[in-house]
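Everything on this sheet refers to the single structure shown next.
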Amino acid sequence: MNGQQLFSLIMARVKQVIGLYAFVLMPMWGMFFLNETVFFGIWNVFGIVPRALDVGSMIGIVASWTMHGNFSHLLGNTITLLQILFLFGLFEKNAYRTVIKLVIASGLVTWVIGSPHSINIGASGLCFAMIGYMIGGAVFARRWGYLLACIVMGTGYWLIIKQGLMPQQGISFAAHFGGLCAGLLLGANSKHTYQVGSIR
């Protein structure tokens, strides 16, 4: 890869980072304010109810990451995602498709393992799925970009995982653990090559 190709790759990935911020964060913030001002909290009813087969829980599997209980919940997930999406956008070739896979996979695992008396909402399951994906990619698929990301963010990842997997009232352990497991599995089976098309 020559200098021009490397520059093109970097610029493409920077654009992807910006696109990922819009792709993930805009629906979160948009639905939060719509829920507060127009839906009067009804949107959060469609969270993941484990092993329930109603329409609401099916919606939650793919959309619970856009549901947040309050502003501090939304802000906390946003700050975490700003860091993770930056690294994800730099090192993942098909980032949008992978994010969609992680949303669905983490939602499904949460639906399977969660408490039947709970409603799971928030983007923290997606956060843990993306962290798991990068760790799985680094350790099992030998994706060196993610290995570098894990080393750079090692302390931050460890603190997020440690705090998120400690049972706490009002915190969805199932979403955190389910997201992490789903991400590890998908990351371990991911393949990646850094290629740039021919430049004229």
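Residues: numbered from 1 along the sequence shown.
Separation of the Tyr133 and Phe88 ring centroids falls under the 6.0 Å cut-off. Proximity of the aromatic rings of Phe128 and His176 is defined here by a centroid distance below 6.0 angstrom, and this criterion is met.
Side-chain contact check for Leu126 versus Val24: some heavy-atom pair is nearer than 4.5 Å. Side-chain contact between Ser72 and Leu75: absent, with no pair of heavy atoms (C-beta onward) separated by less than 4.5 Å. Looking at Trp111 and Met58, their side chains come closer than 4.5 Å, going by heavy atoms from C-beta outward. Between Ser118 and Pro50, the closest side-chain pair of non-hydrogen atoms falls below 4.5 Å. When side chains are defined from C-beta on, Thr98 does not count as touching Met130, because their heavy atoms never get closer than 4.5 Å. Counting only heavy atoms from C-beta outward, the side chains of Lys93 and Arg13 approach each other to under 4.5 Å.
Residues passing the side chain to side chain contact (heavy atoms under 4.5 Å, CB included) test with Ala188, sequence neighbours excluded: Phe140.
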Could you walk me through whether Val112 and Arg51 pass the side chain to side chain contact (heavy atoms under 4.5 Å, CB included) test, one step at a time? CA-CA 6 Å; Val112 169; Arg51 293 175 297 286; 5.5 Å; no
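By the 4.5 Å side-chain criterion applied to Ile, Leu, Val, Met, Phe, Trp and Tyr, Phe46 is assigned to a cluster that also includes Met31, Leu34, Val38, Phe39, Ile42, Trp43, Val49, Val55, Ile59, Met67, Ile119, Ile121.
A distance of 10.5 Å separates CZ of Phe23 from CG of Leu85, quoted to the nearest 0.5 Å.
Checked by atom type, the side-chain pair Trp65/Ser124 shows no donor-acceptor distance below 3.5 Å.
The two residues His68 and Asn77 have their closest heavy-atom pair at NE2-ND2, 3.1 Å.
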